[in-house]
Amino acid sequence: MTGASCETFRFRLPGGRVLAAPSWLIPGALADNCRFLAGRVDEVGLLFFETAACAAYTANDVPADLADLPLSYHVHLPVDLPWGDPRLCARICAGLLDKVSFLRPGRAVLHPPEGDTAAERLGVFLETFAGLGHAPDMLLPENIRGCDLLGLEGVIREFRLQVCLDLGHVRAYGQEALLDCPALTGRAGMLHLSAGRPGRDRHRPLTELDREGSELLRRLLAETPPDAVLMPEIFSLPGFEASIDVLSRALEGRSQPFHTAAP
């Protein structure tokens, strides 16, 4: 795969698994990336990482013709949400989703609140979000630094949410216990896949997985639903392409060499 021409190659995964790519893969704007990825992947994750910048997007940033591309879309909601006011967070997220409603995004990844009141604040967020005319069950809380989702299991079940499980975060932040919770792994609607190391979350290609990381990848693929969207969360085309090689081997149950040098 690595030597294939980017002009003609379509990235595919075994078993018809849905493959997503981030909207920041090649040099250029969001629209440039979507046009490049059309016909090469199944879905694009629109990276709305920064609240202020994404709220300022216009039709020039997210043009209407993106709806004509052979792609489905999801949104990664901002990582800088002001969780001290969960109702404001809901209004921000609803506004961003309204901005791209013409693309019919099927789901949205959410970095949840942290701390002792996280479940309460997430519940307020979801109620407000629903009151703004959006279905809460389109949201996928993601395991992040400071929140491994285990403390949110109750509210996740109450609102019938799926979750986004991030392999790099599991490895970097010592969240392996998450994989022992079938109530959450069974709700995975998306997997973010990159090579993390303890204390190091750098979105490195899957070629840099060590033995422990490779075993975690195998477990994630085995213990999560087969219709979960798979997104190598790699922000370069060579790293993304190389990661698909590794992911394909894992899906086929084939072993791979391990990266032993420090990333």
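These figures come from a predicted structure and were not determined experimentally.
Proximity of a side-chain donor or acceptor of R87 to a complementary backbone N or O of V124 within less than 3.5 Å is not detected. No donor-acceptor distance shorter than 3.5 angstrom exists from the side chain of D166 to the backbone of N143, with no hydrogens or angles considered. Using a distance-only test at 3.5 Å, with no hydrogens or angles considered, a donor-acceptor pair links the side chain of S243 to the main chain of L206. The backbone N or O of L140 lies less than 3.5 Å from no partner atom in the side chain of R107, so there is not a single donor-acceptor pair. Judged purely by atom type and a 3.5 angstrom limit, Q175 uses its side chain to pair as donor or acceptor with the backbone of I144.
Note: F125 and F129 have parallel aromatic rings, judged against thresholds of 30 and 60 degrees for the angle between ring planes.
The side-chain heavy atoms of V62 and F102, taken from C-beta on, include a pair separated by under 4.5 Å. No side-chain heavy atom of Y57 sits less than 4.5 Å from a side-chain heavy atom of L46. When side chains are defined from C-beta on, L81 does not count as touching H111, because their heavy atoms never get closer than 4.5 Å.
With respect to the salt-bridge test (charged N to carboxylate O, under 4.0 angstrom), the residues R219 and D180 qualify.
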>> The test is side-chain contact (heavy atoms from CB on, under 4.5 Å); show your working for L122 and F159 and say whether it passes.
In response: CA-CA 10 Å; L122 181 58; F159 286 88; over 6 Å; no
>> salt bridge (Lys or Arg N to Asp or Glu O under 4.0 Å), that's the test. Do E153 and R157 meet it? Break it down for me.
In response: CA-CA 6 Å; E153 181 187 343; R157 285 190 287 102; 3.6 Å; yes
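Of all heavy-atom pairs between A67 and L103, the closest is N-CD2, 3.4 Å. Contact record, L161 with P136: CD2-O, 3.1 Å, taken as the closest heavy-atom pair. Nearest approach of L149 to C164, heavy atoms of both residues: CD1-O, 4.4 Å. Across all their heavy atoms, P113 and C147 have their closest contact at O-SG, 3.8 Å.
Under a hydrophobic-cluster definition in which Ile, Leu, Val, Met, Phe, Trp and Tyr are linked whenever side-chain heavy atoms come within less than 4.5 Å, directly or via other members, L193 and V44 are assigned to the same cluster. Placement of V18 and L217 in two distinct hydrophobic clusters is found when ILVMFWY residues are connected by side-chain heavy-atom separations under 4.5 Å, directly or transitively. L30 and V109 end up in different hydrophobic clusters when Ile, Leu, Val, Met, Phe, Trp and Tyr side chains are linked at under 4.5 Å. No chain of hydrophobic side-chain contacts below 4.5 Å, direct or via other Ile, Leu, Val, Met, Phe, Trp or Tyr residues, connects L77 to W24. Two different hydrophobic clusters hold V79 and L167 under the rule that ILVMFWY side chains link at heavy-atom gaps under 4.5 Å.
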